[in-house]
Every structure is written in structure tokens, then in C-alpha cells.
Amino acid sequence: MSHELSEQEIQRRQTLEQIRNAGIDPYPAALYPVTAYSTAIKNNFEEGKEVCLAGRLMSQRIMGKASFAEIQDAEGRIQVYFNRDEICPGEDKMLYNDLFKKWLDLGDFIGIKGTVFKTQVGEVSVHVKEFSLLSKSLKPLPLPKTDAEGKIHDAFTDPELRYRQRYVDLVVNPQVKDIFTKRTKLFNAMRQFFNDAGYMEVETPVLQAIPGGASARPFITHHNALDIPLYMRIANELYLKRLIVGGFDGVYEFSKNFRNEGMDRTHNPEFTAMEIYVSYKDYNWMMDFTERLLENCATAVNGTTEATFGAHNINFKAPYKRVTMRQSIIDFTGFDIDGKSEDELRAAALGMGIQVDETMGKGKLIDEIFGEKCEGNYIQPTFITDYPKEMSPLCKTHRDNPELTERFELMVCGKEVANAYSELNDPIDQRERFEEQLRLQEKGDDEAMFIDQDFLRALEYGMPPTSGLGIGMDRLIMYLTNNPSIQEVLFFPQMRPEKVVKVVLNENEQQLFDIVQKEQSMELAALKEKVTMSNKQWDTSIKTLTKNGLLKVMKTNDVLFVALV
RNA sequence: GAUUCCGUAGCUCAGCUGGUAGAGCAAUACACUUUUAAUGUAUGGGCCCUGGGUUCGAAUCCCAGCGGGAUCACCA
């Protein structure tokens, strides 16, 4: 990336030279023997304890021969105290007067050896005996400041910059680090819960020849050696079920899924789902399992089952309410979907002011009614059960009602967090459901599922009764950390690529470009005659210009021409 | 995709109905031996997102583009 350096960046490069000239390596190779962290020092105060710590220099308060500074390490910040005559006992005051006062910049990594003490105002600090530069920072950090009332000034808040330069966000905004610490705690707690239950973590393909297990538009890529298209997975469901067929009792996977759809504050093109499949269980068992799981995870992340999300207080304490989809629609619209035909459902939906069209089947219509009128009302964790068959092609038919499936979704704050089935294991039924999906596709539903023949073959060998559960991990962590947007819980959310920086031409390239610009187009040989540069210079210059799309070289009747693009 | 708001110094932002660029912090220099948004004095720092238009004159008004936010729509 080539662009003009700011005044401060030039200054920092100059100090870098001064440091080198003074015989100090600004990027030393040796390890630094850290023995202490900022918060540990503050929490277990021991007067006079010798410590060695390292981190970024985040503030400097210089008062002549004494100074205070703040060091930020992985845990937080601590104040350190510098005294000139202790750091430089002899005549040479360079370390303090030059290195510390002039050459260090905010953001530099330094190492400190010293003793713990309390200042007159009672702040736990480290009295520096020795310090060294560990790594020089060449770009100034944005520096928010907190005043006496705890108000933050000059906060680094622009979402674009925060997401594009998450490393800066993390350095400067400590609450951002917390979110990601909690995210990892959630994953660890969930893993622990599954492992304790005796289930096995597995890995299944990300590149799939048939993107199955969900209905969504996939990303397409190409395998050169096989010369076939491959798809980034939209779900891992069908592979985990193959493993159940293979004889595992319980398998789970944290799966990065990819969907080529819109992006907004709850959708990112790549996101993380957790799927778990357990044999010889049904969806009733899975509801019990899910509520215990989430109670456990919420406690592991926040120390309590309660969580705040915007205006809502949610409690993940088990058990959760269970409502059938039929009952839910009765509750919020007074309409009973039981036994109704497609036309009756369409008319009812229209009557509720819901937009419908001819491609919508029964399942889709019910889904629309539920989504429009009911979903948003479930703030506390609630299981919605028994979905219509049409919208659940991988789910077992309900034991009491052939129109329905044994499926539940867990709603929290009006949004789906988890989705689970008694898995369909009847291979003939499964084949028919896939064919039904094909018919929907022909009707114009561009999200209907593809048919995976190998998956059907696996089912034909026999899959034990199984229940499966999928959890949207990003959405769950949003609830547990009170963040309304998915970008806040992903380290690097998808962004449009940054604008290409303008090409900066050097003298030779500029000279070439100017000549061609005047002529518009000319023979390559003639152009080379006109300029005075070595063959090598000529070669690299012309290559830079063509590579950046400024000039092009064409061959007409065996004569090379150079022209403007 | 629709609506709406925003883009000015390294950071956060002001800049009125058009008159030629401002503050605080950060930076630089000097002073200062327990401060904590340290302080005091002085100094430097800008393609006002890009390109057009209106005008004697545009950061400001108009149009287009680029980038971003928010809301909505789409989305198992």
C-alpha cells in the first residue's frame, strides 16, 4: 500500500533511526522474561515485590526528572513510575532524557523490571528499575481518554474503521476484548458439556459437491484437478448423519457455514453453527438437553442464567415454555391452521395483511403467518414445536399427525436461536421429500434443497432413530453479550474491499507514461529510443505501468505498440 | 433492493442563510522529582471523500459516483 505518510508517521520513522544510531535495537529478537500481569499486580498488592512485565506504552506524564506512564498488557493497564537518577545512576542520562522522554511513542511495546509500590494518592504502580524497548510502533493509535467522571473522550467508534482495523479496536477499546473472551468461553463451555455427555467432536467437508442440509444460495468454487464445481458448505447436517449411520452414538461439530445472501446486522456470509446428532433420542429428549445446555452455557459466560439484550431481560434458566406452532398461531391470530387447505391458508394470510404469492405452498404460508404474527412475541426462551411437513424435508413425520413433523425451534427475543428434529431416517420417505423439494424448485422456490443421492444411499443402509440440534452460535453470543449486530461478535466481519489506492509512479514510470500520453499510441521500439534508462529499469517500469492498467502493449503485424488504456 | 443520515487535522468533532480552515486530545520544542483527562508556554500539521455543475467566489448550494452507518425488505 503506497500513500503519503502523515507528519506523525514521518516523525516516528525518524526517531526509529535515532534509536538505531544510539545503538539500540528497536525490534530485539530475544525473549522478554515476563513474570507478572497488570491486573494480578493490582489485585494482589505486595509492597516491594519485584516484577517484570511488558506491554504497550499508553500514556506518559512527564514531570522533569520524574514521570508516570501506563503500560497496557493482555489483562489491562498499570501505572509505572520512572525516576531519572535511578534509571541512569551515572553521568549518562540518555536512557531517560532521550529514549524514554523523546524516542518512545504511545503504542510502543516496552518491558519493565521494577518493584511494586503505592503512590501518594494510593494507586498501585511499578517503580521502574530497568526498562527496554521491545517493539517500536510507527502508526499513532487513536487514543480515547477517560476523565474523572468516567466519561470517554475521543472514543474510537467509527464502525467502518473498527471492523476494518479490528486490531486497533482491540488495543484501544477494552470492552471489545471482553466480547471475544466471552465468545471463546461459550464455545469451551459447550464443548465441555458435549464431551462430558460422551459425544465426539468431528470434522466434515467444507467443500461439497452437493450443498445440502439447508436451503440457501451457496458460494461456488472450482476444483482444477477434478475440473468440477464445488460448493462451500451451507450446512453440515447430512455429513453428521452419515456418521450416525456409521455407528457413532453422538457427534457434533462447530461448523463455519457459507451462504451467498444479503448482509445486515444479523447476517454475515460466513457464520458459525453448532450441530449435534445423538442416536436413539427424539426431539422431546433434545428439548430437555437443549435447555440444560443453554442454562449451563449462559452461566459459564456471564456467571448467571440472566442476560440483558437491549430492553429485554432474558433468563436461560431451564425449563423453557413449549408451544406448538398451531397453538401459537391460535394465540396470536385466533386462526386454527389444523386441517386447512392451501387456498384457505392463503386467504387467511391475505386477511392478516401478509403478502403471499402463488409459489407458496402450505408450509411456506404457515411459516409466513408464524413469522409475521407470532415469532416476535417470544422474548423468553420458548420452544415452538411441530412444524408443517413441507418446510422440514429432513425431519421425521409427527407420531400423532401426518401433516406435521417432530421439529422444534428455540425462540429468544423473537428470533430463532436453535432448530432441532427427530431426524427422518426412513429412506423412502426421505427420497419423496427431496422430490417434493424439487417440485417446489420448479414452482419457483429458489431455496428448495438439492438431492444428495449418496445421503439417501446411507439412509438405505439404515440410520438409528436420532435427534439432531443446530444452534446459531453468532446469534447466541449476541444475546449473551448484549450486542444487536453480528459484526460486533465476529473478529473480522465481511466488508466491501477497501478502495484501491492510487498508483504512485516513480520518475521512470512517469517519464514513460507522459510520452505515451502525448502520443496516445506508438511503437514500442520508438518509445524505448526516446527514454534514457537501463534495460532493467525499462523492463520494470513498463511492467508496472501495464500491470496497473495504465498502458497496454499490443502486437499488430509483428510490430509491438504501446498505447494508453 | 428501498428510505434516510454521514464523509473536514493522527483521533473526536465544530464550521450559520456561499467570502478562502477551527477546537480539544495526539505530535514537536522548552520548563517541571508522586502525577493520573498532569500542568504551563510556544510551534507544526488539511487533495474539507471523488468528479461535474451553479457562482466573481463552494467545505458550505445542486447533480452523479465511491465508502460507511441506521431503519425496512429479503433470508430455515
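Chain A is the first sequence line, chain B the second, and so forth, proteins listed ahead of strands; every chain is numbered from 1.
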*asked:* Please tell me if R61(A) has a side-chain N or O lying less than 4.0 Å from either OP1 or OP2 of rU34(B).
replied: no
Comparing Q120(A) with D264(A), nearest RNA chain B nucleotide closer to 5' gives the residue Q120(A)
ask   = What nucleic acid atoms does T119(A) come within less than 4.0 Å of, heavy atoms only: base, sugar-phosphate, or nothing?
value = base
Q) Should the ring pair F131(A) and F82(A) be called parallel, tilted or perpendicular, given that the plane angle runs from 0 to 90° and is split at 30 and 60? A) perpendicular
Rounded to whole Å, the CG-P distance (N419(A) to rC75(B)) equals 16 Å
Discussion item. If we count only N and O atoms by modelled type, under 3.5 Å, do the side chains of D264(A) and T266(A) hold a donor and an acceptor together?
Written reply: yes
Result for 5'-nearest mapping on RNA chain B, choosing between E123(A) and L141(A), is L141(A)
E160(A) atom CD is separated from rC49(B) atom C1', nearest whole Å, by 11 Å
From the candidates rU35(B), rA76(B), rA29(B), the one with an atom nearest any side-chain atom of K102(A) is rA29(B)
| request: Determine the Euclidean distance between corresponding C1' atoms of rA38(B) and rU34(B); express it in Å to zero decimal places. | output: 11 Å
Ranking rU34(B), rG10(B), rC75(B) by distance to the side chain of F68(A), first place goes to rU34(B)
Tell me whether the side-chain N or O atoms of E7(A) pair up with the base of rA27(B) as donor and acceptor below 3.5 Å, since no angle test is needed here. no
Winner on side-chain proximity to S215(A), out of rU33(B), rA76(B), rA26(B), is rA76(B)
Exactly one of I71(A), L143(A), D108(A) clears side-chain contact (heavy atoms from CB on, under 4.5 Å) with M58(A), and that residue is L143(A)
Rounded to whole Å, the NZ-P distance (K136(A) to rA27(B)) equals 11 Å
>> Let's go through R162(A) and E488(A) carefully: what are the C-alpha distance in whole Å and the side-chain angles of both, what is the deciding distance for salt bridge (Lys or Arg N to Asp or Glu O under 4.0 Å) to 0.1 Å, and is it a yes or a no?
In response: CA-CA 9 Å; R162(A) 287 185 48 234; E488(A) 291 294 340; 2.8 Å; yes
Among rU12(B), rC32(B), rG67(B), the one nearest any side-chain atom of M63(A) is rC32(B)
Using the C1' atom in both, what is the distance from rC25(B) to rG67(B), to the nearest Å? 26 Å
message: Any N or O donor-acceptor pair under 3.5 Å from the base of rG24(B) to the side chain of D154(A)?
response: yes
Report task. May I ask you to decide if the ring planes of Y479(A) and F309(A) are parallel, tilted or perpendicular, using 30° and 60° as cut-offs? Result -> perpendicular
### Query
Under 4.0 Å: is that the gap between some side-chain N or O of K145(A) and OP1 or OP2 of rU36(B)?
no
Quick note, V121(A) side chain, CB onward, closest among rG68(B), rU36(B), rA27(B) is rU36(B)
CZ of R13(A) to NZ of K136(A), rounded to nearest 0.5 Å, is 11.0 Å
Reckon F117(A) touches a base, only the sugar-phosphate, or nothing at all at heavy-atom distances under 4.0 Å?
base
To the nearest angstrom, the NZ-C1' distance between K139(A) and rC11(B) comes to 13 Å
Of the candidates rU33(B), rG24(B), rA37(B), the side chain of D147(A) sits closest to rA37(B)
Of the listed rC72(B), rA76(B), rA38(B), the closest approach to the R265(A) side chain comes from rC72(B)
- Which whole number of Å gives the distance between the P atom of rU8(B) and that of rA14(B)? 10 Å
Parallel, tilted or perpendicular, judged at 30° and 60°: which one describes the rings of F254(A) and Y252(A)?
perpendicular
(message) Using the C1' atom as the point on both nucleotides, what is the distance between rA9(B) and rU43(B), in whole Å?
(response) 15 Å
*How far does the C1' atom of rC6(B) sit from the matching atom of rU60(B), given to the nearest Å?*
15 Å
(Q) Categorize E70(A) for me: base, sugar-phosphate, or nothing, with a 4.0 angstrom heavy-atom threshold over every strand shown. (A) nothing
Whole-Å distance, N257(A) CG to rA76(B) C1', equals 12 Å
- Task: Quote, to the nearest angstrom, the C1' distance that separates rA2(B) from rC47(B).
- Result: 34 Å
Atom CD1 of I354(A) and atom P of rC74(B) are separated, to the nearest Å, by 11 Å
Check: Is a side-chain N or O of R166(A) found less than 3.5 angstrom from the main chain of F491(A), in a donor-acceptor match?
Finding: yes
Q8(A) has its side chain closest, among rG10(B), rU33(B), rU35(B), to rG10(B)
Within residues 82-89 of chain A, those residues having any heavy atom closer than 4.0 Å to RNA chain B are N83(A), D85(A)
I62(A) has its side chain closest, among rA76(B), rC32(B), rA29(B), to rC32(B)
Yes or no on salt bridge (Lys or Arg N to Asp or Glu O under 4.0 Å) for E253(A) and R233(A), after CA distance, side-chain angles and deciding distance? CA-CA 13 Å; E253(A) 179 177 20; R233(A) 72 173 161 207; 3.3 Å; yes
Taken to the nearest whole Å, CG/L143(A) to P/rU36(B) is 19 Å
Same-atom distance (C1') from rC11(B) to rA70(B), integer angstrom
23 Å
Exercise. Say you pick atom C1' in rA58(B) and the same atom in rU39(B); how far apart are they, in whole Å?
Worked result: 42 Å
In whole angstroms, the gap separating C1' of rC13(B) from CD1 of I152(A) amounts to 16 Å
* Say whether R84(A) and N97(A), considering side chains only, have a donor N or O and an acceptor N or O under 3.5 Å apart. => no
